[in-house]
Amino acid sequence: MKTLFEKIYDREIQADIIHHDAICCAFRDISPKAPTHILIIPRKPIPRIGDASTADQEILGHLLLTAGKIARELGIDQTGFRTVINHGPHGGETVPHLHVHLLGGRQLTWPPG
Ligand code: 5GP
């Protein structure tokens, strides 16, 4: 059975997709935590970062490079942004399909909650 994010990648579920290629896609989070809140997901349904293997190295690199590219395209690279990957309950993961959060457009605090 497909994950929620696989269905978004395959355009079976509507989302505001801003990037789509053979390895990943990026779309606006349905419940944004910052003025810019994008999720970047691999086409391959890796559940979470700790489940990735060395075979996924190219995918993982592509996700981060795509985050940087989108940040430049959306004009938040100068003011700054944050990338986040949540793993498991303590990490705050709610969707079991690996995703990189790209957050920007406001001052983000540290440490995170
Ligand atoms: P997590 O908590 O797993 O790190 O992040 C999951 C993210 O997916 C949350 O920020 C949540 O708002 C977002 N999300 C959950 N369901 C949907 C959906 O159907 N569409 C979109 N665009 N975002 C979703």
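In this text the structure is predicted, and so the values were computed from the model without any measurement. Sequential numbering from 1 along the given sequence is applied to the chain's residues. These values consider heavy atoms only, across backbone and side chains, with no hydrogens, waters or symmetry-generated copies.
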Notebook entry, point to check: So, K2 and E12, do they make that salt bridge, N to O below 4.0 Å?
Noted result: yes
Next item on the list: Using salt bridge (charged side-chain N to carboxylate O under 4.0 Å, His left out) as the criterion, list what pairs up with E58, not counting sequence neighbours.
Entry: none
Next item on the list: Please work out which of the three classes, parallel, tilted or perpendicular, describes the rings of F5 and F27, given edges at 30° and 60°.
Entry: perpendicular
Note to self: Test of understanding: with side chain to side chain contact (heavy atoms under 4.5 Å, CB included), list the residues that count as partners of I18, not counting sequence neighbours.
What the structure shows: D16, A26, R28, I38, I70, L74
Margin query: If the condition is salt bridge (charged side-chain N to carboxylate O under 4.0 Å, His left out), which residues does R11 pass it with, not counting sequence neighbours?
Written below: none
Checklist line | All salt bridge (charged side-chain N to carboxylate O under 4.0 Å, His left out) counterparts of E93, not counting sequence neighbours | finding: R48
Checklist line | Single-linkage hydrophobic cluster L102~V100, side-chain heavy atoms < 4.5 angstrom | finding: yes
Checklist line | Any pair counted as side chain to side chain donor-acceptor pair (under 3.5 Å), so long as it reaches residues 102-113, sequence neighbours left out | finding: none
Margin query: According to a hydrophobic-cluster definition based on side-chain heavy atoms being under 4.5 Å apart (Ile, Leu, Val, Met, Phe, Trp, Tyr only), do Y9 and L63 belong together?
Written below: no
Check: What pairs with H87 under ring pair (Phe, Tyr, Trp, His ring centres under 6.0 Å), at least two apart in sequence or on another chain?
Finding: none
Notebook entry, point to check: Who passes ring pair (Phe, Tyr, Trp, His ring centres under 6.0 Å) against H19, sequence neighbours left out?
Noted result: none
Next item on the list: Return the set of residues passing salt bridge (charged side-chain N to carboxylate O under 4.0 Å, His left out) with D56 (not counting sequence neighbours), or none when no residue passes.
Entry: K44
Item checked: Those residues that, when tested against R72, pass side chain to side chain contact (heavy atoms under 4.5 Å, CB included) (two or more places apart) -> K69, D77
Notebook entry, point to check: side chain to side chain contact (heavy atoms under 4.5 Å, CB included) with T79: which residues, sequence neighbours excluded?
Noted result: I76
Check: Residues sharing M1's hydrophobic cluster, by side-chain heavy-atom contacts under 4.5 Å among ILVMFWY, directly or via others?
Finding: none
Notebook entry, point to check: Who passes ring pair (Phe, Tyr, Trp, His ring centres under 6.0 Å) against H62, sequence neighbours left out?
Noted result: none
